[in-house]
Amino acid sequence: MIAKAQISKRQVSKTDSTPAPIGGLNARDGLANMDKLDAVVMTNWFPETTSVNVRNGHEEHATGLGSTVHTIAYYNDGVSQELFGVAGGSIFDVTSAGAVGAAEVTGLANSKFQCVNFGTAGGFFLLMVNGQDDMQYYDGTTWSVINSGSSPSITGVNTADIDNINIFKKRVWLIEKDSLSAWYLPVSSIGGAASELDLSGLFKFGGSLVAMTNWTIDNAAGIDDYAAFITSEGEVALYKGTDPSSASTWALVGTFRIGKPIGKRCAIKAGADVLLLTEDGGLPLSKSLLTDRGQKSNAVTDKISQLFLQDSRSYKASYGWQPIIHPIGNKLIINVPSVEDSISHQYVMNIITGAWCKFTGWNASCFEILDDNLYFGGNGIIYSADTGADDDGSDINTDCQQAFSYFGSKGRQKRFLMARPIFSTEGDVVPSVRVNTDYKEEQPTSTPSYTMSTISLWDVATWDVSDWGGSDTITRRWRGVNGIGYSGGVRIKTSTQGIGCKWQSTDFVYEVGGIL
């Protein structure tokens, strides 16, 4: 009888399995109320639809630009595509990979340009303004300036005072720095007499114009573009029409209040909508115009709101804030310059699922896309990004703290014994693993490692001699862990280079104890 009693009281281990946190980074919900498919920390893991993957890497594209690349601009006339980088007051052709040649343009006052491509009957042009130098333009062959004495020329406003530029209804629009004036050129022209649209009587909070963007609206009257003028104080004036000189073809729709915009590159087209980067988060223009600033749940960045707000308060004055959409990567990327010209990180959203994560290791001052390829500017270098499986020859280091779970028994303590992450990899990935309990976020103590695959590469190895590799390898390793608490969440760190790695799920072995 004693033996039976002892056996009946013996602790029985339980097992459970949790899918990888495809819900992404959550910096909004309470730790005790967070979905188990979310993550408290998610760095350099990208949440896909069915797995969480080590992010892609980056590699050198163009070198020798001398100093921080503040602008990457592209020229695309439908036949040829060219890429230019601006650093240290010079413009370089960076279309081809490798060391750049002599600068195309030198002696510029600053390298922080805003750019558009614009076609007319006279050709196709790349137009660039920075608020200090005369407007720069490229016609597919030659770089030139546009001012009041050039050919073509712009009169009525000094192009050196223009610090932002936009195209709306076949017109070039110019934003004059430190003012509430926007200027527009004749239809389908890069020169001519600029006419002023004085907006100073519309905005009750003052400030200056920061940007102009186009918002596409589909309603009962059909599809039409509206012009949105955005001020430094977070006011927006919305216009419709074609010719601002005619009351019959140009009308004010209304003025609205949003959060203060961050940087000159604060607006990007996102389908028919516009994404605005503001101190309140990344806001779709369509929703921000219909609600007040207090309804932050309308922000695309709602799920990472606390992290975003902290960064906007700390770094909003730094140059380099920029949203960009990388369509073939299924990514919305928001660049955050934590140390201007030196260190940055990115908040990255899967545009299919809406799940967020954080990237580090891409120290970008600007981004651009050409021919679906993503590039960013660094210190004297332009990198090709979201490609390969290493960071310019260095390891990609990841960190994830998955949301905490009560494993079906909310009021019972648990002693976690083992954890087994399941990866699909191209090599052998050995992560560092820890199960944190009751909302602690402690780091694993072991060091992650990896082993490159020994499979043979197509068109490299010897035919009919080498063994060809097959599909990814599934790796499962039980790791001893030690944690006691009511809730638990796995923390996983990896370090990989040249190896793709997909995190599928995590198995747990634990014992359930008493209430106290």
Side-chain angles (χ1 to χ4, degrees), residues 67-73 84-92 103-118 125-138 143-150 152-168 171-185 190-191 194-200 203 206-213 227-235 260-268 276-277 316-322 335 337 340-341 365-368 377:
S67 59
T68 301
V69 179
H70 286 134
T71 303
I72 304 175
F84 297 94
V86 190
S90 298
I91 301 176
F92 298 88
E104 305 281 312
V105 177
T106 61
L108 299 170
N110 77 65
S111 302
K112 301 173 182 177
F113 283 88
Q114 313 309 316
C115 317
V116 296
N117 280 258
F118 187 61
F125 306 94
L126 167 61
L127 309 176
M128 299 174 43
V129 297
N130 68 1
Q132 285 186 273
D133 296 291
D134 290 336
M135 180 189 292
Q136 309 289 311
Y137 84 96
Y138 180 69
W143 281 93
S144 305
V145 299
I146 302 179
N147 53 36
S148 61
S150 63
S153 64
I154 292 177
T155 59
V157 65
N158 184 355
T159 63
D161 291 334
I162 303 303
D163 66 357
N164 217 332
I165 188 168
N166 189 47
I167 305 300
F168 181 72
R171 293 181 188 268
V172 175
W173 282 79
L174 309 172
I175 303 301
E176 185 179 356
K177 68 179 180 182
D178 303 327
S179 78
L180 289 169
S181 291
W183 299 78
Y184 57 95
L185 298 181
I190 64 169
S195 301
E196 182 180 15
L197 179 64
D198 185 357
L199 301 171
S200 58
F203 300 120
S208 60
L209 287 178
V210 171
M212 176 189 178
T213 188
F229 299 89
I230 306 163
T231 76
S232 58
E233 302 309 302
E235 290 185 275
K260 292 182 179 181
I262 303 178
K264 295 291 182 183
R265 299 169 182 165
C266 60
I268 57 167
L276 297 176
L277 202 60
K316 63 183 178 183
S318 297
Y319 175 84
W321 285 85
Q322 183 183 358
N335 192 50
E340 187 171 317
D341 295 350
S365 56
C366 59
F367 279 89
E368 190 51 88

Note to self: Pairing donors with acceptors under 3.5 angstrom, does anything connect the side chains of Thr71 and Arg265?
What the structure shows: yes

Item checked: Validation row: Leu126, Phe84 side chains within 4.5 angstrom (heavy atoms) -> yes

Next item on the list: Determine whether Ile146 and Asp134 make a side-chain contact, defined as any pair of heavy atoms from C-beta on separated by less than 4.5 Å.
Entry: no

Item checked: Contacts of Ser90 that satisfy side chain to side chain contact (heavy atoms under 4.5 Å, CB included) - sequence neighbours left out -> Phe92, Ala103, Thr106

Margin query: Is the shortest side-chain heavy-atom distance between Asn147 and Ile154 below 4.5 Å?
Written below: no

Margin query: Quick check for you: to the nearest 0.5 Å, what is the distance between Ile268 atom CD1 and Leu277 atom CG?
Written below: 8.5 Å

Note to self: Quick one, Met135 and Ile165 - any side-chain contact, counting heavy atoms below 4.5 Å?
What the structure shows: yes

Note to self: Please enumerate all residues that pass side-chain hydrogen bond (donor to acceptor under 3.5 Å, both in side chains) together with Asn164, with sequence neighbours excluded.
What the structure shows: none

Notebook entry, point to check: For Thr155 and Ser148, which heavy atoms make the closest approach, and how far apart are they?
Noted result: CG2-O, 4.3 Å

Next item on the list: List for me each residue that meets ring pair (Phe, Tyr, Trp, His ring centres under 6.0 Å) alongside Phe113, sequence neighbours excluded, and say none if there are none.
Entry: none

Notebook entry, point to check: Any idea which heavy atoms bring Leu185 and Gly191 closest together, and the distance?
Noted result: CD1-N, 4.1 Å

Notebook entry, point to check: What heavy-atom pair brings Trp321 and Ser318 nearest, and what distance separates the two atoms?
Noted result: CD1-O, 3.3 Å

Checklist line | Qualifying residues under salt bridge (Lys or Arg N to Asp or Glu O under 4.0 Å), relative to Glu104, sequence neighbours excluded | finding: none

Check: Would you say the side-chain atoms of Tyr319 pair up with the backbone N or O of Pro337, donor to acceptor, closer than 3.5 Å?
Finding: no

Item checked: Approximate separation, where rounding is to 0.5 Å, of Leu127 CG and Asn117 CG -> 8.0 Å

Check: About how many Å separate CD of Gln322 and CD1 of Ile262, when rounded to the nearest 0.5 Å?
Finding: 13.0 Å

Next item on the list: Measure across Gly85 and Val69 and return the closest heavy-atom pair with its distance rounded to 0.1 Å.
Entry: CA-CG1, 4.5 Å

Margin query: Looking at Gly88, is its backbone amide N or carbonyl O close enough to the side chain of Ser111 to form a donor-acceptor pair, meaning the two atoms are under 3.5 Å apart?
Written below: yes

Notebook entry, point to check: Among all residues two or more places apart in sequence or in another chain, which pass the side chain to side chain contact (heavy atoms under 4.5 Å, CB included) test with Ser208?
Noted result: Ser232

Check: Does the side chain of Ile175 come within less than 4.5 Å of Asn166's, by heavy atoms?
Finding: no

Check: Thr231: what forms a side chain to side chain contact (heavy atoms under 4.5 Å, CB included) with it, not counting sequence neighbours?
Finding: Leu180, Phe203, Leu209, Glu233, Glu235

Margin query: Measuring only between side-chain heavy atoms, which start at C-beta, is Val105 closer than 4.5 Å to Gln136?
Written below: yes

Checklist line | Non-neighbouring partners of Lys177 that pass salt bridge (Lys or Arg N to Asp or Glu O under 4.0 Å), sequence neighbours left out | finding: none

Checklist line | Atom pair NZ/CG of Lys112 and Asp163 - distance to nearest 0.5 Å | finding: 12.5 Å

Next item on the list: Kindly indicate whether the side chain of Met128, heavy atoms from C-beta on, has any atom under 4.5 Å from the side chain of Ile91.
Entry: yes

Notebook entry, point to check: Does Arg171 use its side chain to pair, donor to acceptor, with the backbone of Tyr184 at less than 3.5 Å?
Noted result: no

Checklist line | Ser181: partners by side chain to side chain contact (heavy atoms under 4.5 Å, CB included), with sequence neighbours left out | finding: Glu176, Ser179, Trp183, Glu196, Asp198

Next item on the list: Kindly write out the residues that satisfy side-chain hydrogen bond (donor to acceptor under 3.5 Å, both in side chains) with Asn158, not counting sequence neighbours, or none if the list is empty.
Entry: none

Item checked: side-chain hydrogen bond (donor to acceptor under 3.5 Å, both in side chains) partners of Gln132, counting only residues at least two apart -> Asn110

Note to self: Using side-chain heavy atoms (C-beta onward) and a distance below 4.5 Å, is Ile167 in contact with Trp173?
What the structure shows: no

Next item on the list: Check step by step if side chain to side chain contact (heavy atoms under 4.5 Å, CB included) holds for Val129 and Thr159.
Entry: CA-CA 8 Å; Val129 297; Thr159 63; 5.9 Å; no

Margin query: Holding to ring pair (Phe, Tyr, Trp, His ring centres under 6.0 Å), I want the full list of residues that pass it with Tyr137, two or more places apart in sequence or in another chain.
Written below: Phe125

Note to self: So, using side-chain hydrogen bond (donor to acceptor under 3.5 Å, both in side chains) as the criterion, who are the partners of Asp133 when residues are at least two apart?
What the structure shows: Asn130

